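Only a predicted model underlies this, so the values are computations on that prediction, with no experimental measurement involved.
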Amino acid sequence: MTAEEEHALLQRWNATLLAARAGREGPDPAPYGRNLLARWAEPQRRYHTVDHLRAVLDRVDELTDQGGEGGELELVRLAAWFHDAVYRPDRSENEERSALLAEKALTEAGLTPHEVAEVARLVRLTVTHDPADGDLNGETLCDADLAILASAPDTYARYAAAVREEYGFVPEDTFREGRAAVLRHLLDLPRLFRTPYGAAVWEEKARENVERELKELRGVPGTG
C-alpha cells in the first residue's frame, strides 16, 4: 500500500466515524484508523488484505449508488472496517474477536451503545452471510463482502489462489474438503445476494464461479 493509498483510506475512515458520531464529541478518529490499517496489513494475510477492505467499502458505495435505501450506512461502513480486523487463518473465532474489537474501539471513539451494538452485530453476521429478510444493514454488508464471488474469472481465480495461500499450512486434501464445505454452504443459500442490485447484477455470475471452483476442488475433468 502506497502512502497515497493509506492517506486516502484514512480519510475515508475519519469521515465515516465523524459522520457516525453526528457532531458528538469524541477522540481523534485517526489513531483508530491507523490501528485498523496496520491490522489489515499483517503478513499472514493474502486475500483478507487492505485491498479487500477497500473493495468492500467500494461495493458498499456501489450498492448505495444503485438505489440502496434505508439502513444506517455509516454503521455498515464501520462494520466493513472491522469485519476482518482480527484475522488469523489458523483460528475459528476471527469474527467474534473482530466484533469484540469493534465494541471496545467504537465505545472509546464516542459511538452510542446502540451504534456499537449494531456494528458488532454486523461483524458477527459475516460468519454466515445470511441476514434476515428486511435487515437492510446486514444485506448491504454481506452483499459487499461476497461481491468478489461475482468477479471476472481471472480475478476470481486470483482470489481463490490467495485464499489457498492463507491456508498454506493446511494439507491439500484437508483444504479441499474444508473449502468445498464453505462453497456448498454458499450455494445452499436461497440467494447469495439479498439487495435488489446484488441479486440482479452479481448472483448469476457468482454462482457460476463458485460452482466452477467446487468442481475443480473435486477434480472434475475439464474444469481446470
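Glu177 CD: 12 or fewer foreign heavy atoms inside a 6.0 Å radius. The environment of His7 atom NE2 is sparse: at most 12 non-hydrogen atoms of other residues, nucleotides or ligands sit within 6.0 angstrom. Within a 6.0 Å radius of CG in Asp28, other residues, nucleotides and ligands contribute more than 12 heavy atoms.
Contact annotation: the side chain of Glu96 never approaches that of Arg91 to less than 4.5 Å [non-hydrogen atoms, C-beta and beyond]. A 4.5 Å side-chain heavy-atom check between Arg45 and Asp84 finds at least one atom pair inside the cut-off. With contacts defined as side-chain heavy-atom distances shorter than 4.5 Å, the pair Leu111/Leu17 qualifies. A heavy-atom distance below 4.5 Å is found between the side chains of Lys205 and Pro153. Annotation: side chain of His129 is not in contact with side chain of His185 (no heavy-atom distance under 4.5 Å). Counting heavy atoms from C-beta outward, Arg158 and Ser151 have side chains that stay 4.5 Å or more apart. You'll find the side chain of Leu122 stays beyond 4.5 Å of the side chain of Val119, heavy atoms only. Contact annotation: the side chain of Arg124 approaches that of Leu100 to within less than 4.5 Å [non-hydrogen atoms, C-beta and beyond].
Tyr159 and Phe175 fall within the same hydrophobic cluster, where Ile, Leu, Val, Met, Phe, Trp and Tyr residues are linked whenever their side-chain heavy atoms come under 4.5 Å apart, directly or through other members. Leu18 and Val116 fall into different hydrophobic clusters, where Ile, Leu, Val, Met, Phe, Trp and Tyr are joined by side-chain heavy atoms under 4.5 Å apart, directly or via other members. Hydrophobic clustering (ILVMFWY, side-chain heavy atoms < 4.5 Å, transitive): Val163 and Val50 are in distinct clusters. Linking Ile, Leu, Val, Met, Phe, Trp and Tyr residues whenever their side-chain heavy atoms come within less than 4.5 Å leaves Ile148 and Leu57 in two separate clusters. Both Leu187 and Leu146 are members of a single hydrophobic cluster when ILVMFWY side chains are connected at heavy-atom separations under 4.5 Å.
Residues Glu108 and Lys104 are paired through a salt bridge, judged by an N-O separation under 4.0 Å between the basic side chain and the carboxylate.
Scanning all heavy atoms of the two residues, the minimum distance from Leu63 to Ala144 falls at CD1-N, 4.1 Å. Listed here is the closest heavy atom pair of Ala162 and Tyr47: CB-CB, 3.8 Å. Nearest heavy atoms, Ala132 versus Glu139: O-OE2, 4.0 Å. Closest of all the heavy-atom pairs between Leu149 and Asn209 is O-ND2, 2.8 Å. Closest heavy-atom contact between Thr126 and Val123: OG1-O, 2.6 Å. Shown here for Ala180 and Leu217, the closest heavy-atom pair between the two residues is N-CD1, 3.9 Å.
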Show every donor-acceptor pair shorter than 3.5 Å between a side-chain atom in residues 33-41 and any protein atom, with sequence neighbours excluded, or say none if there are none.
| from | atom 1 | to | atom 2 | distance (Å) |
| --- | --- | --- | --- | --- |
| Asn35 | OD1 | Arg39 | NE | 2.9 |
| Trp40 | NE1 | Trp81 | O | 2.9 |

Open item on the list: Between Lys215 and Glu211, does the salt bridge (Lys or Arg N to Asp or Glu O under 4.0 Å) criterion hold? Intermediate values first, please.
Closed with: CA-CA 6 Å; Lys215 289 178 181 178; Glu211 288 169 357; 6.0 Å; no
- [ ] Just do the salt bridge (Lys or Arg N to Asp or Glu O under 4.0 Å) check on Asp145 and Arg59 with the steps written out, would you?
- [x] CA-CA 8 Å; Asp145 194 27; Arg59 297 294 78 74; over 6 Å; no
Task: side chain to side chain contact (heavy atoms under 4.5 Å, CB included) between Arg218 and Leu214, worked out - done: CA-CA 6 Å; Arg218 292 170 174 162; Leu214 187 56; 3.5 Å; yes
Open item on the list: Please determine whether side chain to side chain contact (heavy atoms under 4.5 Å, CB included) holds for the pair Val201 and Glu62, giving the CA-CA distance in whole Å, both sets of side-chain angles, and the decisive distance to 0.1 Å.
Closed with: CA-CA 12 Å; Val201 178; Glu62 182 178 352; 5.6 Å; no
TODO: Report the C-alpha separation of Glu115 and Leu106 in whole Å, then their side-chain angles, then the decisive distance to 0.1 Å, and conclude whether the side chain to side chain contact (heavy atoms under 4.5 Å, CB included) test is met.
DONE: CA-CA 9 Å; Glu115 292 163 344; Leu106 293 176; over 6 Å; no
Task: Candidate pair Arg12 and Asp58, rule side chain to side chain contact (heavy atoms under 4.5 Å, CB included), full reasoning - done: CA-CA 11 Å; Arg12 291 175 80 168; Asp58 288 346; 3.0 Å; yes
Open item on the list: Would Glu213 and Arg164 count as a salt bridge (Lys or Arg N to Asp or Glu O under 4.0 Å) here? Give the steps.
Closed with: CA-CA 12 Å; Glu213 184 189 358; Arg164 180 64 183 106; over 6 Å; no
- [ ] Would you check, one step at a time, whether the test salt bridge (Lys or Arg N to Asp or Glu O under 4.0 Å) holds for Glu172 with Arg176?
- [x] CA-CA 6 Å; Glu172 184 66 22; Arg176 284 175 175 266; 3.0 Å; yes
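Between the His52 side chain and the Thr49 main chain, no donor and acceptor come within less than 3.5 Å of each other. The closest donor-acceptor contact from the side chain of Ser98 to the backbone of Val86 lies under 3.5 Å.
Here the CD atom belonging to Glu6 is positioned 10.0 Å from the CD atom belonging to Glu4, to the nearest 0.5 angstrom. Taking CG of Asp135 as the reference point, atom CG of Leu141 lies at 9.5 Å (rounded to 0.5 Å). With values rounded to the nearest 0.5 angstrom, Glu203 atom CD is found 8.5 Å from Asp143 atom CG. In this structure, CZ on Arg191 lies 11.0 Å from CG on Asp130, to the nearest 0.5 angstrom.
Ring geometry for Trp13 versus Phe82: interplanar angle over 60°, hence perpendicular rather than tilted (30 to 60°). Using the six-membered ring where Trp is involved, Tyr167 and Phe169 have ring planes that are tilted, between 30° and 60° apart.
Between Glu166 and the options His48, Gln44, Arg46, a side-chain hydrogen bond (donor to acceptor under 3.5 Å, both in side chains) holds for only His48.
Partners of Pro196 according to the side chain to side chain contact (heavy atoms under 4.5 Å, CB included) rule, which considers only residues two or more places apart in sequence or in another chain, do not exist here. In this view, Glu25 satisfies the side chain to side chain contact (heavy atoms under 4.5 Å, CB included) rule with no residue, not counting sequence neighbours.
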